Amino acid sequence: LKTGFEFKPGLEGVPVTLSSISFVDGKKGILEYRNIPIEELALKSTFLETSYLLIWGELPTQDELDAFEKEIRYHRRIKYRIRDMMKCFPESGHPMDALQASAAALGLFYSRRALDDPAYIRAAAVRLLAKIPTMVAAFQMMRKGNDPIQPRDDLDYSANFLYMLTEEEPDPLEARVFDICLTLHAEHTINASTFSARVTASTLTDPYAVVASAVGTLAGPLHGGANEEVIDMLEAIGSVENVRPYIENCLKTKSKIMGFGHRVYKVKDPRAIILQSLAEQLFEKFGRDNYYDIAVELERVVEEKLAYKGIYANVDFYSGLVYRKLGIPTDLFTPIFAISRVAGWLAHWKEQLGENRIYRPTQIYTGTHNAPYIPIAER
Ligand code: SDX
């Protein structure tokens, strides 16, 4: 090949950019956001503070955080025209499609584009971080035939999202666990949806189109959609005794076991370790059910069978158990992944603007040349 680079399916192991936003060591199971280990942020930070860190590169001072949180609170309400647009969405549609449509629709309200203006970048980041949860919650309420619930100023970001889903104020532990889940899912170097965000950002389109591209990519079952499939799998298995036969059948039919394996991690995903402890806290306080026992047995059997291939539980394996215990419907698990990953996509959008070079890779051509055009009568 003229460029001298070897073809790698799925760009496996191919660096596509310089970035200082996050770091993953797949062999040691390390994840850091802006140089800080994920365990530190999960334990000591909040999702909004972590979002600020990811996008602007520094932990905010108290004043900066207060101002940021105030702006987010101010922009949380749903646009009435987007609410009215959602009234035409089929109730049977998947919430990820509703989210992708709504994120793109936000761009209709902010057509002035000033990508070199820090104030424009901050305004877009605030609007997307503030409105994405509200739009997810609004679709959930509307597909049940109810009006969207307006955000409450006295509730913080995560408590407010759970409130807008159920109209009940969540238990402080539930809100804190949910907030940690958002921090854990916020950023993960150049995964498929973040790569989509960077490619889209590189054409200098608007940030709403960037997020809409990324939402569409995250929706796939091999990426963000896995957490929803994990619960379906636990339901299908139904009991601890059924785990081994189920796994053996998966291996026989060479079908992928959802929530396991990773392009980078060849040990247990550090986020899965934290999510497992969050699940245990929730089961401790709100009562256990056999899903957790099935999951633990499932992880044990998969490790026995596939650890030699470096296949371990990933972030999607326990996240579904946590969300289910919080009473969240399974088809909202991936939209929740999107609510969180918007922080990472925005950080990469901003970093890509600094690169200012459009993505345009090449290919290895496998066709022929100079073929004749066959008239339709002769085909
Ligand atoms: C996320 O990139 C990111 O960072 C993503 C993410 C993020 O934060 O953005 O971490 C979030 O998307 C987590 C992954 C969620 N997806 C799933 O849980 C779906 C199931 N996982 C697999 O589809 C798979 O592991 C991928 C997609 C995650 C990674 O696939 P790769 O790197 O392309 O690996 P592969 O398909 O080439 O598999 C290598 C081998 C194969 O066996 P052989 O053909 O070599 O014998 O491992 C096997 C695969 O069959 N394998 C699995 C498996 N994953 C890989 N076998 C059974 N079950 C699995 N889950």
Side-chain angles (χ1 to χ4, degrees), residues 8-17 19 21-27 29-33 38 41-42 50 54 96 181-198 213-234 237 243 246-275 295 298-299 301-321 333-345 347-348:
K8 289 280 185 184
L11 289 177
E12 178 152 11
V14 177
V16 291
T17 186
S19 179
I21 298 168
S22 65
F23 169 77
V24 170
D25 179 324
K27 292 190 178 52
I30 292 171
L31 170 57
E32 292 166 334
Y33 293 171
I38 190 63
L41 291 167
T50 299
L54 286 166
M96 279 300 271
C181 289
L182 294 183
T183 295
L184 292 171
H185 285 84
E187 159 64 12
H188 209 251
T189 71
I190 309 298
N191 56 86
S193 53
T194 299
F195 185 53
S196 282
R198 286 200 79 125
S213 287
V215 170
T217 309
L218 184 69
L222 292 190
H223 188 13
N227 54 16
E228 187 178 334
E229 312 263 330
V230 167
I231 293 297
D232 298 344
M233 172 175 65
L234 296 177
I237 294 172
V243 167
Y246 182 93
I247 295 300
E248 282 161 356
N249 182 51
C250 284
L251 299 179
K252 205 161 59 239
T253 56
K254 280 197 82 68
S255 50
K256 296 275 172 72
I257 305 155
M258 292 293 120
F260 288 90
H262 200 279
R263 176 61 62 78
V264 182
Y265 288 121
K266 300 309 166 195
V267 292
K268 186 168 176 177
D269 189 323
R271 299 167 295 178
I273 295 171
I274 300 171
L275 283 160
L298 180 54
E299 186 180 7
V301 173
V302 173
E303 208 161 303
E304 178 195 306
K305 305 266 185 190
L306 293 174
Y308 79 95
K309 274 187 178 178
I311 294 171
Y312 291 86
N314 61 47
V315 66
D316 287 296
F317 186 59
Y318 285 103
S319 58
L321 277 178
F333 291 1
T334 310
I336 287 169
F337 195 149
I339 289 172
S340 165
R341 190 53 59 89
V342 167
W345 295 332
H348 282 273

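This structure is a prediction, so every number in the text was calculated from the model and none was measured. In listed order, ligands and their atoms are each counted from 1.
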4.0 Å protein heavy-atom contact status of atom 48 (C) of ligand 1, strictly under: yes
Backbone N/O of Gly261 and side chain of Asn314: donor-acceptor pair under 3.5 Å: yes
Non-hydrogen protein atom less than 4.0 angstrom from atom 34 (O) of ligand 1: no
Side chain, backbone, both or neither: the part of Leu222 lying under 4.0 Å from ligand 1 by heavy atom: both
Parallel, tilted or perpendicular, as decided by the 30° and 60° cut-offs, for the rings of Tyr265 and His188: tilted
Ligand 1 N/O within reach of Phe337 N/O, cut-off under 3.5 Å: no
Shortest non-hydrogen contact between His262 and Asp269, atoms and distance: CD2-OD2, 4.4 Å
Under 3.5 Å: donor-acceptor pair, side chain of Ser340, backbone of Ile336: no
Protein contact for atom 30 (O) of ligand 1 (heavy atom, distance under 4.0 Å): no
Atom indices of ligand 1 within 4.0 angstrom of Asp316 heavy atoms, with elements: 1 (C), 13 (C), 14 (C), 15 (C)
Exercise check, heavy-atom protein proximity under 4.0 Å to atom 37 (O) of ligand 1: no
Shortest protein heavy-atom distance from atom 14 (C) of ligand 1, along with the residue and atom involved: Asn314 ND2, 3.6 Å
Contact atoms of ligand 1, heavy-atom distance to Gly259 under 4.0 Å: 17 (C), 18 (O)
Gap between atom CZ of Phe195 and atom OG1 of Thr17 - 0.5 Å precision: 9.5 Å
Nearest non-hydrogen protein atom, atom 21 (N) of ligand 1: Phe260 O, 2.9 Å
Minimal non-hydrogen separation, Leu275 against Cys181, with atom names: CD2-SG, 3.6 Å
Residue that, paired with His223, satisfies side-chain contact (heavy atoms from CB on, under 4.5 Å) out of Asn191, Thr334, Asp316: Asn191
Listed partners of Lys266 passing salt bridge (Lys or Arg N to Asp or Glu O under 4.0 Å), at least two apart: none
Heteroatom distance test (His262, ligand 1): nitrogen or oxygen, under 3.5 angstrom: yes
Closest approach of any protein heavy atom to atom 45 (O) of ligand 1, naming residue and atom: Lys309 NZ, 4.5 Å
Expected output: side-chain Tyr33 to main-chain Leu184 donor-acceptor under 3.5 Å: yes
Expected output: side-chain Ser193 to main-chain Ala214 donor-acceptor under 3.5 Å: no
Distance-only N or O hit between ligand 1 and Ile311, under 3.5 Å: no
Considering all heavy atoms, the nearest Ala42-Ile274 contact: CB-CD1, 4.1 Å
Within reach of ligand 1, part of Asn191 (heavy-atom separation under 4.0 Å): both
Heavy-atom protein neighbour under 4.0 angstrom from atom 6 (C) of ligand 1: yes
Aromatic ring pairing Phe260/Phe317, orientation class (parallel under 30°, perpendicular over 60°, tilted between): tilted
Shortest protein heavy-atom distance from atom 28 (C) of ligand 1, along with the residue and atom involved: Gly261 O, 3.7 Å
Within-shell test, Gly10 vs ligand 1, heavy atom, strictly < 4.0 Å: no
Ile21 versus Ser19, closest heavy-atom pair with distance: N-OG, 3.3 Å
Minimum-distance protein heavy atom relative to atom 59 (C) of ligand 1: Ile257 N, 3.5 Å
Smallest separation among heavy atoms of Glu187 and Gly344, with atom names: OE1-CA, 3.3 Å
Interfacing atoms of ligand 1 (cut-off 4.0 Å, heavy-atom, Lys254): 44 (O), 46 (O)
N or O contact, Arg341 vs ligand 1, cut-off under 3.5 Å: yes
Region of Glu229 engaging ligand 1 - heavy atom pairs below 4.0 Å: neither
Val315 N/O under 3.5 Å from ligand 1 N/O: no
Top protein contact for atom 53 (C) of ligand 1, by heavy-atom distance: Lys256 CD, 3.4 Å
Heavy-atom nearest neighbour in the protein, as seen from atom 12 (O) of ligand 1, with distance rounded to 0.1 Å: His223 ND1, 2.9 Å
Numbered atoms and elements of ligand 1 in range of Met258, under 4.0 angstrom, heavy atoms: 18 (O), 19 (C), 20 (C)
Among Ile237, Leu251, Leu234, side-chain contact (heavy atoms from CB on, under 4.5 Å) partner for Tyr246: Ile237
By salt bridge (Lys or Arg N to Asp or Glu O under 4.0 Å) - contacts of Glu32 (at least two apart): none
Closest heavy-atom pair and its distance - Gly225, Glu229: O-CG, 3.2 Å
Identity and distance of the protein heavy atom lying nearest atom 4 (O) of ligand 1: His188 ND1, 2.7 Å
Within-cut-off N or O pair, Arg271 and ligand 1, under 3.5 Å: yes
Enumerated ligand 1 atoms positioned under 4.0 Å from heavy atoms of Ala226: 15 (C), 16 (N), 17 (C), 18 (O)
Where ligand 1 meets Arg263 - atom numbers and elements under 4.0 angstrom, heavy-atom basis: 29 (C), 31 (P), 32 (O), 33 (O)
